[in-house]
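Residue numbers begin at 1 in each chain, while the letters A, B, ... track the order of the sequences.
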Protein chains: 2
Amino acid sequence: MEQISQVDVEARVERFRQECRHAGLSLTHQREIIFRALVEMHGHPSPESIYGEVKRQIPAISLATVYKNLKTFIDHGLTREVSLHHGALRVETNSAPHHHFVCVRCKEIFDIEEELLAPVELRRKLPEGFSLQRYSVEFQGLCRSCGEPSS
Amino acid sequence: MEQISQVDVEARVERFRQECRHAGLSLTHQREIIFRALVEMHGHPSPESIYGEVKRQIPAISLATVYKNLKTFIDHGLTREVSLHHGALRVETNSAPHHHFVCVRCKEIFDIEEELLAPVELRRKLPEGFSLQRYSVEFQGLCRSCGEPSS
DNA sequence: TGCTCCATTGATAACTGTTATCGAACGCGA
DNA sequence: TCGCGTTCGATAACAGTTATCAATGGAGCA
């Protein structure tokens with residue numbers, strides 16, 4: 001969990017500029033500062049915490065701008081959200097162990113029966129101090145309806 | 001995704017009653033109807049949709065009651081939430097592919113480097129029509145700080 | 001360089017999902 | 001049946017997120 005090197009930051013920012021140009025996105029000051037903050041932070045920051053960081057450089061920036069840009073970044077694959085189903089609470093009705101397939105377009109969740117998968121194998125142990133209770137695999141892709149050429 | 005059989009429903013409701021007694025939870029009418037609705041639904045219902053279902057049998061029920069009971073059910077392991085990190089948006093700063101370890105107590109998310117894991121193997125193909133783009137494994141358990149006996 | 005157009009910004013209202021509060025009602029053991 | 005502590009229902013409050021809209025400012029072109 002060490003700090004990302006300055007060289008890597010610059011490389012990612014440069015790639016970011018290219019992607020923006022390529023995608024027809026304006027290269028605004030706010031946009032770049034937000035992206036840079038994101039790359040320089042570590043872990044899994046919330047929009048609020050990115051806002052806090054960016055505000056130190058652009059005190060007048062609006063939280064809405066941060067939200068809008070994060071959404072833009074995600075839409076263009078410049079970053080990823082930790083979880084596709086972060087929105088609202090959903091509960092399981094299937095009490096048997098199983099995995100999930102989440103459609104990246106419609107966000108619907110499909111159960112994948114456990115035995116479809118060979119047991120997951122760790123090559124080494126988890127970091128010291130972490131005790132594992134269970135795991136499940138999340139598959140991402142297009143579901144039947146969203147994958148149809150007609151859509 | 002076929003309907004759960006009536007026999008299975010009754011079995012789960014009966015187990016539910018036992019668990020409630022065992023946990024010192026009152027067996028209220030609302031509680032049982034909510035649990036029954038949950039078991040009879042399929043997929044990954046939202047509190048709102050369970051509320052809609054329950055309301056057909058107890059028109060005067062409050063949405064808050066549904067929320068409170070779902071939380072109780074989850075706390076007692078009577079059902080599970082689909083995702084431990086459904087709350088707020090979080091974005092990745094780590095652009096390399098990786099997996100996640102989520103602490104069931106503090107909900108913190110830790111990155112697990114991809115190569116710690118042997119590639120996941122499917123025993124059979126995914127159901128027809130699903131196209132896979134990527135997958136990641138979510139490990140659940142206690143993190144270093146939450147697993148300490150001192151806590 | 002200056003101009004024009006459209007994307008983006010900032011401020012803020014609105015919205016959604018969820019939780020807190022509190023008096024009334026009810027399950028449960030005595 | 002009684003009494004206590006849990007749960008319920010109604011609703012206010014809250015957090016996170018999105019929509020709205022006038023003002024601003026990139027980016028291509030004359």
Side-chain angles (χ1 to χ4, degrees), chain A residues 16-37 44-76 78-79 81-91 107 109, chain B residues 13 16-37 44-76 78-79 81-91 107:
Chain A
F16 162 78
R17 291 204 199 89
Q18 288 169 15
E19 302 262 16
C20 283
R21 254 176 256 122
H22 187 263
L25 296 171
S26 299
L27 263 170
T28 67
H29 184 51
Q30 290 87 337
R31 191 110 83 194
E32 183 167 326
I33 297 295
I34 293 169
F35 187 81
R36 190 179 286 270
H44 313 88
S46 63
E48 196 75 38
S49 70
I50 293 170
Y51 174 60
E53 203 57 38
V54 169
K55 215 169 180 179
R56 291 166 43 185
Q57 293 171 73
I58 313 177
I61 201 166
S62 165
L63 177 57
T65 300
V66 173
Y67 269 100
K68 282 182 281 199
N69 278 295
L70 288 179
K71 188 169 187 333
T72 303
F73 296 168
I74 292 166
D75 288 347
H76 289 82
L78 293 162
T79 185
E81 44 191 326
V82 169
S83 170
L84 283 187
H85 35 82
H86 67 89
L89 173 64
R90 293 305 181 87
V91 295
K107 304 296 165 66
I109 303 160
Chain B
V13 171
F16 162 78
R17 291 204 198 92
Q18 288 170 16
E19 301 262 18
C20 283
R21 253 176 258 125
H22 187 263
L25 295 171
S26 299
L27 262 169
T28 66
H29 183 51
Q30 288 87 337
R31 192 108 84 192
E32 182 167 324
I33 296 295
I34 293 168
F35 187 82
R36 189 179 287 272
H44 314 87
S46 63
E48 195 75 39
S49 69
I50 293 170
Y51 173 61
E53 203 57 39
V54 169
K55 217 168 181 188
R56 291 166 43 185
Q57 293 170 73
I58 313 178
I61 201 167
S62 164
L63 177 58
T65 300
V66 173
Y67 269 100
K68 282 182 280 200
N69 278 295
L70 288 179
K71 188 168 187 332
T72 303
F73 296 167
I74 291 166
D75 288 348
H76 289 81
L78 293 162
T79 185
E81 41 190 328
V82 169
S83 170
L84 283 187
H85 36 79
H86 66 87
L89 174 63
R90 293 303 182 88
V91 294
K107 305 294 165 70

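Distance CG (A/Asp75) to C1' (D/dT17): 15 Å, rounded to an integer number of Å. Rounded to an integer number of Å, the gap from A/Arg31 CZ to C/dG10 P is 12 Å. When rounded to the nearest whole Å, the span between CG of B/Leu70 and P of C/dT19 equals 10 Å. In this structure, the NZ atom of B/Lys71 is 7 Å from the P atom of C/dT19, given to the nearest Å. Remark: C1' of C/dG10 and CD1 of A/Ile34 are 12 Å apart, rounded to the nearest angstrom. B/Arg17 has its CZ atom 16 Å from the C1' atom of C/dC28, to the nearest Å. Nucleotide D/dG9 holds its P atom 12 Å from the CD1 atom of B/Ile33, rounded to whole Å. Atom pair B/Asn69:CG and C/dT19:C1' shows a separation of 14 Å (rounding to whole Å applied).
Annotation for B/Leu70 and B/Ile34: closest pair CD2-CG2, 4.4 Å, computed over non-hydrogen atoms. Closest non-hydrogen pair, B/Phe73 versus B/Arg31, comes out as CZ-O, 3.6 Å. Shortest non-hydrogen contact noted between A/Phe16 and A/Leu27 is CE2-CD2, 4.1 Å.
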Pairwise N/O distances under 3.5 Å, protein to nucleotides 20-25 of chain D:
none

What's touching nucleotides 27-30 of chain D from the protein side, N or O pairs under 3.5 Å?
{"residue": "D/dA27", "atom": "OP1", "partner": "A/Leu27", "partner atom": "N", "Å": "3.0"}

So which protein nitrogen or oxygen atoms get under 3.5 Å of nucleotides 14-18 of chain C's nitrogens or oxygens?
{"residue": "C/dT18", "atom": "OP1", "partner": "A/Leu89", "partner atom": "N", "Å": "2.6"}
{"residue": "C/dT18", "atom": "OP2", "partner": "B/Tyr67", "partner atom": "OH", "Å": "2.3"}
{"residue": "C/dT18", "atom": "O5'", "partner": "B/Tyr67", "partner atom": "OH", "Å": "3.4"}

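When the side chain to side chain donor-acceptor pair (under 3.5 Å) test is applied to A/Arg17, the partners found at least two apart in sequence or on another chain are A/Glu14, A/Glu32. For A/Arg90, the side chain to side chain donor-acceptor pair (under 3.5 Å) criterion is met by no residue, not counting sequence neighbours. Judged as a side-chain contact (heavy atoms from CB on, under 4.5 Å), and not counting sequence neighbours, B/Ala88 has no contacts. Take A/Tyr67 and apply the side-chain contact (heavy atoms from CB on, under 4.5 Å) test, not counting sequence neighbours, and it matches A/Pro47, A/Leu63. Legend: residues meeting side-chain contact (heavy atoms from CB on, under 4.5 Å) with A/Pro45, ordered by chain and number and at least two apart, are A/Leu38, A/Met41, A/Ser49, A/Ile50, B/Val91, B/Thr93. Here B/Lys71 pairs with B/Asp75 under the side-chain contact (heavy atoms from CB on, under 4.5 Å) rule; sequence neighbours left out.
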Check residues 53-62 of chain A and write down every donor-acceptor pair under 3.5 Å in which the side-chain atom is one partner and the other belongs to a residue at least two apart or another chain.
{"residue": "A/Glu53", "atom": "OE2", "partner": "A/Arg56", "partner atom": "NH1", "Å": "3.0"}
{"residue": "A/Lys55", "atom": "NZ", "partner": "A/Tyr51", "partner atom": "OH", "Å": "3.0"}
{"residue": "A/Ser62", "atom": "OG", "partner": "A/Ala64", "partner atom": "N", "Å": "3.1"}

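For D/dG9, the OP1/OP2 oxygens have a side-chain nitrogen or oxygen of B/Gln30 closer than 4.0 Å. Taking side-chain N and O atoms only, A/Thr65 has a distance below 4.0 Å to OP1 or OP2 of C/dG10.
Taking every heavy atom of residues 51-58 of chain A and every atom of DNA chain D, no pair lies under 4.0 Å.
Between A/His85 and B/His85, the two ring planes are parallel [angle under 30°; tilted spans 30° to 60°].
The C1' atoms of five pairs define one axis at each end of the helix from C/dT1-D/dA30 to C/dA30-D/dT1, and these two axes lie 40° apart (to 10°).
Here the CG-CG distance, from B/Asn69 to B/Leu25, works out to 9.0 Å after rounding to the nearest 0.5 Å.
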